[in-house]
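We number each residue from 1, following the sequence as shown.
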Amino acid sequence: MNTTSDVKQEHGTSNIELWFAILAGATYAAGMVSEYILRVPLVGLPLAFFLATYFFGGFFTFKEAIASTLRGRFEVDFLMLVAAIGAGAIGKWGEGAVLLFLFSLGHALEAYAMGRASRSIESLAQLAPRTALVRRDGAEAVEVPVEDLRVGDVVVVRPNSRISADGFVISGMSAVDQSAVTGESIPVEKEPVADPQRDMRNADAIPAANKVFAGTVNGSGALEIQVSATAADSTLSRVVELVTSTDQTASPTQLFIDRFQRWYVPAVILGVIATLLVSWLVLSNGFKDAFYLAMTVLVAASPCALAIATPAAVLAGIARAARAGVLVKGGAPLETLGRVKAIAFDKTGTLTWGTPSVTALKPVPGPAGEALVPVLVAVESLSDHPLATAIVRDLTCRVPVDQTLKAADLHAVTGRGLTATVDGKPVQVGNLRMFSEQGLDLPSGLQESYCQTQNSGQTTMIVRYDGEFLGLVGVMDQARRESIQVMEALRKSGVDQMVMISGDNQPVVDAVGREVGVDVALGGLLPEDKVTQIGTLREQHQPIAMVGDGVNDAPAMAKADVAIAMGAAGSAVALETCDIALMSDDLGRVPFGVRLSRATSRIIAQNLAASMLVVVFLIIMTFSGLNIGLVVLIHEGSTLLVVANALRLLNFQPGKEHYGIDHEESPLQLQSGSQAKAETL
């Protein structure tokens with residue numbers, strides 16, 4: 001990846017351009033002193049100094065004018081060059097020299113100011129260490145360049161040092177500062193994986209608690225990580241590469257300005273010719289004066305600030321988003337996001353955690369109810385079903401050591417549940433259908449609890465042991481704690497419609513929808529159904545955005561005007577398929593992105609208005625006698641003002657709408673709402 005070298009090369013060119021502008025200023029000053037103070041004739045030393053100013057001030061202007069002309073476009077550089085040559089042709093070498101000096105100085109300062117945003121991107125590229133401490137084949141750790149790292153290498157990460165590669169922890173525990181990649185402000189606790197060989201075969205599915213990224217900072221504990229991606233394929237490298245190529249998708253405003261300039265510049269040239277002819281032939285001014293006026297009008301009408309108004313704001317906005325862990329792939333999605341009227345959310349893993357957890361526990365009264373948890377944990381510990389995993393994870397801590405039971409003879413009953421034995425006695429764990437087919441009726445209290453948990457969207461399992469009902473357990477993929485606040489923040493930001501789409505059954509989708517506060521909750525959707533729903537939503541509320549994981553919902557996300565992928569760090573597919581990538585699982589960055597987009601649009605509108613007002617003002621003042629030097633000074637000053645206004649986005653603050661949380665916290669510790677609270681004994 002050549003990103004860093006490209007940025008450095010641009011900075012080097014900017015520095016040379018600034019030095020050329022300074023030399024142009026020095027030679028121009030020397031020419032003015034020679035002509036007006038030392039009274040040397042213009043054909044002598046002053047002319048030599050002014051010609052030197054033409055060289056230093058016009059060098060980069062000439063290069064860019066030639067490049068734009070070869071592309072069939074007459075831009076600002078071409079107009080300035082024509083004006084300077086015209087001034088020299090009528091003997092006003094000093095006027096032409098000051099034009100090129102001020103234009104080159106303004107252009108160099110503009111490039112320097114824009115470099116602030118570019119340096120934010122360059123700093124990302126420099127986060128990854130140059131070397132890594134690698135242990136291969138059980139030998140002592142040796143230091144090697146990061147470019148030599150191979151997938152499967154074991155890297156030793158010392159305390160308080162930067163991590164050199166993407167991978168997963170195989171030894172040690174520590175808190176890692178991931179803010180440079182994901183934008184998370186709080187260090188994330190990392191722990192080893194259970195089976196490195198198995199996880200290496202499916203690196204994308206490794207939990208966040210085990211995964212680390214190049215460029216992040218280790219805490220106080222030593223770690224050993226197994227490399228899952230080379231330096232060129234690391235998350236940090238992909239982020240830098242995508243951010244630095246953002247000019248490939250210009251914003252709608254920039255596309256309009258580009259079309260506008262295609263006819264504006266020729267119109268200016270025609271206006272200049274008309275000014276020359278009217279002043280010379282109609283108003284009977286001398287040709288020299290008429291030509292000078294025409295050249296001044298040419299400079300006044302040049303759209304310098306107009307050309308930079310949108311790119312400056314877009315670059316600053318994208319750089320600010322990248323610092324917050326929001327990767328925006330171009331000006332088009334950045335600007336469009338602020339105009340969305342509706343947002344569709346995938347349910348699983350977006351509005352919910354994406355993993356089930358125990359949300360209700362209803363034992364029957366008496367000794368039978370006390371056996372519910374020990375029996376349930378013993379049976380489910382034999383199963384590898386995701387619901388069984390959730391039950392064992394969440395309820396094992398509630399089983400006293402002296403009440404631990406052993407289960408055997410596990411059998412799955414399709415569509416109903418499972419059976420087993422505990423201490424030689426039969427156990428049944430399943431839905432209502434399992435027991436109704438046996439002609440068994442639930443006790444009245446248990447029947448009522450079953451109806452409540454079912455209606456709340458939970459997957460409910462009834463437990464019967466040795467001929468007695470022990471109670472029931474409810475399991476559900478819980479809503480994220482911040483989902484409710486995010487919906488409120490989006491409404492305050494002007495988003496009218498929030499829709500949840502899911503392949504889950506409708507009662508579950510309805511329950512989650514009520515809890516998080518979406519306007520419409522649609523369940524039972526196949527992938528093609530989701531695409532249809534997005535199309536319908538676009539017809540009603542264009543433009544729209546969709547938030548998902550960037551993988552399973554790729555067809556539906558492609559249908560939306562803006563596709564937003566959550567938790568894209570470490571996922572090459574998510575980074576490639578979306579328009580905006582939230583590097584962490586923080587849903588609160590969606591309203592942050594909307595507010596940043598709207599702030600960017602406001603800055604663009606301010607810049608465009610200021611640019612056009614300055615052009616109109618200068619054209620009027622030109623006919624009032626304003627000389628070419630002052631015209632250029634005001635023109636370049638307005639350009640720098642536009643750039644400075646755009647750079648305010650680098651300090652954009654998300655405000656109250658950004659609800660960041662520690663996503664390494666267990667879902668059980670982040671329950672919100674009565675439906676998400678597990679009821680204890």
Test your reading of the model: is there a side-chain donor-acceptor pair from [X] to the backbone of [Y], 3.5 Å cut-off?
| X | Y | value |
| --- | --- | --- |
| Arg323 | Leu650 | yes |
| Tyr264 | Ala301 | yes |
| Thr336 | Ala332 | yes |
| Tyr28 | Leu100 | no |
| Thr27 | Ala24 | yes |
| Asn218 | Ile163 | no |
| Ser161 | Val157 | no |
| Thr216 | Asp177 | no |

(Q) Assess the residue pair Leu596 and Val326 against the criterion (side-chain contact (heavy atoms from CB on, under 4.5 Å)); give the C-alpha distance rounded to whole Å, side-chain angles, the decisive distance to 0.1 Å, and a yes or no. (A) CA-CA 11 Å; Leu596 177 60; Val326 180; over 6 Å; no
Q. Within a radius of less than 6.0 Å around CZ of Phe62, do more than 12 heavy atoms belonging to other residues, nucleotides or ligands occur?
A.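 Counting neighbours around CZ of Phe62, 12 or fewer heavy atoms of other residues, nucleotides or ligands fall under 6.0 Å, so no.
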Distance from [X] atom [atom1] to [Y] atom [atom2], nearest 0.5 Å?
| X | Y | atom1 | atom2 | answer |
| --- | --- | --- | --- | --- |
| Thr600 | Arg648 | OG1 | CZ | 11.0 Å |
| Tyr54 | Thr61 | OH | OG1 | 12.0 Å |
| Arg320 | Leu334 | CZ | CG | 12.5 Å |
| Leu613 | Leu608 | CG | CG | 11.0 Å |
| Met295 | Thr275 | CE | OG1 | 9.5 Å |

Q) Are the side chains of Ile343 and Ile564 in touch, meaning some heavy atoms are under 4.5 Å apart? A)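 They are not in contact (no side-chain heavy atoms under 4.5 Å apart), so the answer is no.
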Q) So do the side chains of Val340 and Asp561 get within less than 4.5 Å of each other, counting heavy atoms only? A)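 They are not in contact (no side-chain heavy atoms under 4.5 Å apart), so the answer is no.
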Q | Name of the residue among Trp19, Phe20, Phe49 meeting ring-ring contact (aromatic ring centres under 6.0 Å, His included) with Phe56 | A |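 Filter result, single survivor: Phe20.
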